[in-house]
Structure formats: structure tokens, C-alpha cells
Amino acid sequence: MLREIIQIGLPLILPFVIYSVWLKYARAKAIREGHDVIPPWDQGPWLMLFFIGILLAGSILVFTALTSGAAPDSVYHAPELKDGVITPGYFEPKDPQ
């Protein structure tokens, strides 16, 4: 569950978090300098932030798929129950013949 949150959830919300931190900073700076124009929250670039989050999540998933896992020609051995103990599944390299 934690892996899904880190790989999918975090990249999706990261652009929104960064934008909200920037907006808070920009508002504080505008008030400090006496400007009348304070960036509004409801007119934010929501669609662009959403697509950036989708792009980030997709790129992380592609990176994970390309850099982890077993070799394509490996043999998978399913989990087994032996003497009341579950042995986890594993990949084994195929025998070169």
C-alpha cells in the first residue's frame, strides 16, 4: 500500500502542494510590499497541475518498470505451502541449454 502511495499518489499531488506553497509565499510577499494584487486560489492552473501530476506519476511508473524486476526470460515459481509455512514466490533464471 505504501508503494502505491509513493509511486502514484505522491507524484499526483506534488504539483498542487508546490503551487500552494508558492501561492502562500506570493500572497505574503504581496501583502508585505503593499500590493493590491494578491494571486487568487480559485483561478489557479488546475488542469496544467493535474497533467503535470499525471506525467510525473507515469514517468515514475515507467522508470520503475524499466529498472526493477526479473529478466524477461526468467521462470516464476509460485508461493507454496510447505509444512504449514508459506514460502514466497520467486524468479529463477532460465537454464541455458
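Fair warning: this is a prediction, and the values are worked out from it, not measured in the lab.
- Side-chain contact check for L81 versus V85: every heavy-atom pair is 4.5 Å or farther apart.
- To the nearest 0.5 Å, atoms CD1 (I13) and CD1 (I8) are separated by 13.0 Å.
- Contacts classified as salt bridge (charged side-chain N to carboxylate O under 4.0 Å, His left out) and involving residues 55-84 (residues at least two apart or in different chains) are given here: E80-K82.
- Under a hydrophobic clustering in which Ile, Leu, Val, Met, Phe, Trp and Tyr are joined whenever their side-chain heavy atoms come within less than 4.5 Å, directly or via other members, F51 and F16 fall into the same cluster.
- Shown here are the side-chain hydrogen bond (donor to acceptor under 3.5 Å, both in side chains) partners of R32, two or more places apart in sequence or in another chain: there are none.
- Closest approach of T67 to F63, counting heavy atoms only: OG1-O, 2.7 Å.
- Between I31 and K29 the shortest side-chain heavy-atom distance does not fall below 4.5 Å.
- In this structure, S20 contributes its side chain and V17 its backbone to a donor-acceptor pair below 3.5 Å.
- Nearest heavy atom pair, residue I6 against residue P11, reads O-CD, 3.2 Å.
- The side-chain heavy atoms of W41 and R27, taken from C-beta on, include a pair separated by under 4.5 Å.
- Just one residue in the list L49, I52, L14 forms a side chain to side chain contact (heavy atoms under 4.5 Å, CB included) with Y19, and that residue is L49.
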Going through the distances and angles, do L12 and L56 end up as a side-chain contact (heavy atoms from CB on, under 4.5 Å)?
CA-CA 7 Å; L12 281 176; L56 275 174; over 6 Å; no

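- A distance-only check finds no donor-acceptor pair linking the side chain of S74 to the backbone of A70 [under 3.5 Å].
- If you chain together hydrophobic residues whose side chains sit under 4.5 Å apart, L61 and L10 never meet in one group.
- Contact annotation: the side chain of Y76 never approaches that of Y90 to less than 4.5 Å [non-hydrogen atoms, C-beta and beyond].
- With rounding to the nearest 0.5 Å, the separation of NE2 in H77 from OG1 in T87 is 11.0 Å.
- I5 CD1: more than 12 foreign heavy atoms inside a 6.0 Å radius.
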